[in-house]
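I have placed the structure first, in the form of structure tokens, so that the comments after it can refer back to it.
Quick caveat: nothing in here was measured; it's all calculated off a predicted structure. Remember, it's 1-based here, ligands and their atoms both numbered in the order they're listed.
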Amino acid sequence: MEAALRGQGVAEVPCGSCSACCTASQFVHIGPDEEEALAAIPAELLFPAPLSPPGHVLLGYDERGHCPMLRDGRCSIYDRRPRACRTYDCRVFAAADVGLDGDGEIAGRARGWRFSFSADEDAVRERAVRAAAVYLRDRPELVAGDGAVLDATRHAVASVAAHSAFVRRTREGALVLARPDPEDVRRLLQLASDASRGSGRA
Ligand code: SF4
């Protein structure tokens, strides 16, 4: 999940037959470097992305809230789908324990995820993600800026991105929860912001 959020990989989500994120009235951001996706999507479905440099566009949705590239319940351009779709991972809501109380399809799907851990450290990291979510809930300006509303997606993604500030190694080498250094949190959030700029759903 961290690699995908950094733009260094594809989210390996076992979606099965679920297409909730393609039918949730979301705008899909496409950067100018995404030549294959841009070639696969009819130009009339794209429009300039607000507050973004020239060349960044959004793919909208139809009157039902469905992505127009969704055909018969499947992505018709799956191999050439935008980066935002390749990196989208609804498990982030369950990992951070945020955004699960909505009645949308994504919230419903996200509520169903259960995690198991092959190593004790992974369980500590999950608790660190949730600790980060609580910390950021009380300091939304760190993610959304002064006066802006912290939406569930940004909150959950930021919690994963910042979680390593909430763990430390003991002298014996064990990973344990720790009180975060605010500068560490800011640094990790900035790194995540830099990596994800220009790719996402809104
Ligand atoms: S481009 Fe494909 S994966 Fe992305 S939202 Fe549309 S149907 Fe879903």
Side-chain angles (χ1 to χ4, degrees), residues 1-96 98-115 143-144 149-161 192-202:
M1 187 182 287
E2 283 189 292
L5 294 177
R6 285 195 301 267
Q8 295 170 346
V10 173
E12 304 284 353
V13 187
C15 301
S17 60
C18 180
S19 58
C21 62
C22 307
T23 59
S25 305
Q26 298 198 73
F27 293 105
V28 177
H29 190 126
I30 306 173
D33 60 315
E34 298 186 66
E35 293 169 8
E36 289 199 341
L38 290 168
I41 300 169
E44 61 269 24
L45 297 176
L46 302 171
F47 58 92
L51 305 176
S52 295
H56 290 258
V57 295
L58 295 180
L59 169 64
Y61 47 85
D62 65 18
E63 65 283 352
R64 300 165 301 168
H66 293 194
C67 173
M69 304 314 295
L70 188 71
R71 312 264 164 80
D72 300 324
R74 300 175 67 87
C75 178
S76 60
I77 57 165
Y78 187 80
D79 290 339
R80 296 184 288 169
R81 67 196 187 285
R83 184 187 302 127
C85 306
R86 295 175 185 275
T87 57
Y88 191 82
D89 189 338
C90 68
R91 294 173 299 182
V92 74
F93 300 109
V98 302
L100 301 174
D101 49 357
D103 55 6
E105 277 191 61
I106 293 177
R109 171 72 185 207
R111 275 195 294 272
W113 291 118
R114 297 289 179 273
F115 303 112
V143 181
V149 174
L150 180 56
D151 63 80
T153 301
R154 293 174 75 187
H155 187 184
V157 167
S159 302
V160 173
S193 170
D194 292 346
S196 69
R197 189 161 292 140
S199 71
R201 298 196 193 202

Heteroatom N/O/S of C75 within less than 2.8 Å of atom 2 (Fe) of ligand 1: yes
P82 contact mode with ligand 1 (heavy-atom cut-off under 4.0 Å): side chain
Metal site atom 6 (Fe) of ligand 1: N/O/S of C67 inside 2.8 Å: yes
Within 6.0 Å of OH in Y78, more than 12 heavy atoms from elsewhere: no
Within residues 35-45 or reaching into it, pairs that qualify as salt bridge (charged side-chain N to carboxylate O under 4.0 Å, His left out) - sequence neighbours excluded: none
Pairs satisfying salt bridge (charged side-chain N to carboxylate O under 4.0 Å, His left out), at least one member in residues 52-78, at least two apart: D62-R64
Distance filter under 4.0 Å to C85 heavy atoms, resulting ligand 1 atoms: 1 (S), 3 (S), 4 (Fe), 5 (S)
Donor-acceptor under 3.5 Å (R86 side chain, V10 main chain): no
